[in-house]
S.K.: 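Starting off with a structure, shown below.
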Protein chains: 2
Amino acid sequence: MSRRSGILEFAVLGLLRESPMHGYELRKRLNTSLGVFRAFSYGTLYPCLKSLVANGWLVEEAGSAPEDARAASMAGRRAKIVYRLTAEGKEHFEELLSHTGPDTWEDEHFAARFAFFGQTSRDVRMRVLEGRRSRLEERLEKMRASLARTRERLDDYTLELQRHGMESVEREVRWLNELIESERAGRDKRPGPDQ
Amino acid sequence: MSRRSGILEFAVLGLLRESPMHGYELRKRLNTSLGVFRAFSYGTLYPCLKSLVANGWLVEEAGSAPEDARAASMAGRRAKIVYRLTAEGKEHFEELLSHTGPDTWEDEHFAARFAFFGQTSRDVRMRVLEGRRSRLEERLEKMRASLARTRERLDDYTLELQRHGMESVEREVRWLNELIESERAGRDKRPGPDQ
DNA sequence: AATTTCATGTAATTCGTTACATGATTCC
DNA sequence: GGAATCATGTAACGAATTACATGAAATT
């Protein structure tokens, strides 16, 4: 069946696992609670929800309207449609959570995975974290190599852009190092009484 | 006239302004010299080149092959096609360079603009830099607000993700501050006798 | 009463990738 | 002579957006 974006599907399933919600609210939480996710539009979200229902992973329930949502819709009126995760949906999400493939270290994918770390076992967390780190280290290696090859021919601005880009990646690697360290030590919280 | 991606078009024009190139090399330089750009695929690049030719902004020239590239192509053989910026193309790029709209502060767009700062006048650079900064400050404000609203309901990992995200944005703002400062002082090593 | 925000959806369009197909050149 | 890399292109598909369309509920 049609369009299922992987990352959106994953995020929706993960959010609905905590509590049932309707589409509008779901969309807000993709930006706020999960902060890092970009704002998917309704044109993306609603068809995705329909598709998840068709897969049996979600069910539509009556919202705050007095009548049943679907019946009301058919009669011309519209009401909130609250989506709830089914047992199959839960199982499917569990499966997605335990899967750690190369795609998982991708920028956006990684953020989504991280946001649901609370629902994951430690060894999965470690695999995701370490995979992400080595992916970033590869990227860093390429940047260094290309910089070494072309340094002279570049003007100051291009150079500065590259320098800043590399520094950003290096910074994320250090962050991952701390997190991995922290996982190894068996702590969930970050060390340091700062804040 | 079909698909023209804005950012890819801009980058291609900018790279060809420095020197003529063929498609394959162009693609490499989109990743390396301009480091920050993502790797556009050939399926995107070649149709884009055709479209730019159709607009009269580029012309195809014979590559390293002894015969003319187009003639050779028609005869069944293929040779490198070197693209060169026309006078109209130059003019068009100049126009794109001087345009500073809200879209310009967008993540990828901004990186592309920055990569060609060397070809820009100082006041355009200032507008782009300052626009980018205020865009980031807005984003930061939203993040802070949403964090204040939902802090209690979030688990440690989600919190950590948001904290790191905000820190990244704050870091880029500091970077922009330095650059703007530097532009104001006029002491960035750029050759003053622009034009 | 009017406006804003909540709420759901569809159609057309944009932007870009993957997979495929072809062939030249360079290196071992 | 076989592999890797260089080089160009097309067709099918994918992911997501925008613009449109509708209407209910809350706020001013």
Side-chain angles (χ1 to χ4, degrees), chain A residues 1-12 21-31 37-53 58 60-67 69-83 103 106-109 112, chain B residues 1-12 21-31 37-53 58 60-67 69-83 103 106-109 112:
Chain A
M1 295 236 162
S2 49
R3 34 183 90 217
R4 287 198 319 269
S5 133
I7 161 161
L8 177 56
E9 172 187 318
F10 179 74
V12 165
M21 254 178 281
H22 57 271
Y24 194 87
E25 197 183 344
L26 214 33
R27 184 184 185 251
K28 271 195 303 184
R29 296 209 49 192
L30 287 171
N31 313 297
F37 292 161
R38 69 161 174 292
F40 289 94
S41 67
Y42 299 119
T44 308
L45 179 58
Y46 285 116
C48 172
L49 285 169
K50 292 298 173 192
S51 142
L52 293 177
V53 168
L58 304 183
E60 301 182 347
E61 289 183 338
S64 58
E67 314 280 300
R70 306 313 298 153
S73 173
M74 276 182 263
R77 283 184 47 241
R78 262 194 286 195
K80 282 204 262 191
I81 301 174
V82 174
Y83 293 91
D103 49 307
E106 255 306 320
D107 291 334
E108 282 205 311
H109 230 99
Chain B
M1 27 191 87
S2 40
R3 32 183 93 216
R4 286 200 318 273
S5 134
I7 161 162
L8 176 57
E9 173 186 320
F10 179 75
V12 164
M21 253 178 283
H22 57 270
Y24 194 86
E25 196 183 344
L26 215 32
R27 184 185 184 250
K28 273 195 303 184
R29 297 208 50 192
L30 288 170
N31 313 297
F37 293 161
R38 70 162 175 289
F40 289 93
S41 68
Y42 299 121
T44 309
L45 179 59
Y46 286 116
C48 172
L49 285 169
K50 293 297 173 193
S51 143
L52 293 177
V53 168
L58 304 182
E60 300 181 347
E61 289 183 339
S64 57
E67 315 278 300
R70 305 314 298 154
S73 172
M74 276 181 265
R77 283 184 47 240
R78 263 194 286 194
K80 283 204 262 193
I81 302 173
V82 174
Y83 293 91
D103 49 308
E106 252 305 318
D107 291 334
E108 282 205 310
H109 230 98

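All heavy atoms count here, side chains included; hydrogens, waters and symmetry mates do not. Chain A is the first sequence line, chain B the second, and so forth, proteins listed ahead of strands; every chain is numbered from 1.
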S.K.: Measure the angle between the two terminal helix axes of the helix from C/dA1-D/dT28 to C/dC28-D/dG1, five base pairs each, and quote it to 10°.
M.R.: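 Answer for the end axes of this duplex: 40°.
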S.K.: From the list C/dC6, C/dT17, C/dT8, which nucleotide is the closest neighbour of the side chain of B/Phe40?
M.R.: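 It is C/dT17.
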S.K.: So, OP1 or OP2 of C/dT8: does either fall under 4.0 Å of a side-chain N or O from A/Tyr46?
M.R.: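 Yes, A/Tyr46 has a side-chain N/O under 4.0 Å of OP1/OP2 on C/dT8.
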S.K.: Roughly how many Å is it from CD in A/Glu60 to C1' in C/dT8, rounded to a whole number?
M.R.: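 Taking atom C1' of C/dT8 as the reference, CD of A/Glu60 is at 11 Å.
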S.K.: What is the separation between atom CG on A/Asp103 and atom C1' on D/dG14, rounded to the nearest whole Å?
M.R.: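 Computing the A/Asp103:CG to D/dG14:C1' distance gives 16 Å.
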S.K.: A/Glu61 CD to C/dT8 P: how many Å, rounded?
M.R.: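 Nearest whole value for this atom pair: 14 Å.
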S.K.: Return the value, rounded to whole Å, for the distance between atom CD of B/Glu25 and atom C1' of C/dT25.
M.R.: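 Going from B/Glu25 (CD) to C/dT25 (C1'), I get 16 Å.
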S.K.: Looking only at side-chain atoms of B/Arg38, point me to the closest of D/dT17, C/dT18, C/dG16.
M.R.: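 Of all the options, the side chain of B/Arg38 is nearest to C/dG16.
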S.K.: Between A/Ile7 and A/His109, what is the shortest heavy-atom contact and its length?
M.R.: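 Reported closest heavy-atom pair: CD1-N, 4.3 Å.
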S.K.: Side chain of B/Tyr24: nearest nucleotide among D/dA7, C/dG16, C/dA7?
M.R.: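 Looking only at side-chain atoms, B/Tyr24 lies closest to D/dA7.
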S.K.: Return the value, rounded to whole Å, for the distance between atom NZ of A/Lys50 and atom P of D/dA15.
M.R.: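 Taking NZ of A/Lys50 and P of D/dA15, I get 20 Å after rounding.
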S.K.: Where the side chain of B/Thr44 is defined as all heavy atoms beyond and including C-beta, which of D/dT8, D/dA7, C/dG16 is the nearest nucleotide?
M.R.: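 For B/Thr44, the side-chain atoms sit closest to C/dG16.
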S.K.: Can you find a side chain N or O atom of A/Lys80 that sits less than 4.0 Å from OP1 or OP2 on C/dC6?
M.R.: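 No, no such contact exists.
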S.K.: Using a cut-off of strictly less than 4.0 Å, decide whether A/Tyr42 has a side-chain nitrogen or oxygen near OP1 or OP2 of C/dT8.
M.R.: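 So the side chain of A/Tyr42 is outside the cut-off, no N or O lying under 4.0 Å from OP1 or OP2 of C/dT8.
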S.K.: B/Arg27 CZ to C/dT17 P: how many Å, rounded?
M.R.: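 After rounding, the gap between these two atoms is 8 Å.
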S.K.: For a 4.5 angstrom cut-off between non-hydrogen side-chain atoms, does A/Glu60 reach A/Lys50?
M.R.: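 In contact.
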S.K.: Quick one: pull up CZ in B/Arg27 and OH in B/Tyr46 and give me the separation to the nearest 0.5 Å.
M.R.: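 Interatomic distance, B/Arg27 CZ to B/Tyr46 OH, rounded to 0.5 Å: 9.0 Å.
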S.K.: Could you check how far CD1 of A/Ile7 sits from C1' of D/dA16, rounded to whole Å?
M.R.: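 Atom-to-atom, A/Ile7 to D/dA16, this comes out as 12 Å.
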S.K.: Just the rounded figure in Å: distance from P of D/dA15 to CG of A/Leu45.
M.R.: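 So the CG-P distance, A/Leu45 to D/dA15, works out to 15 Å.
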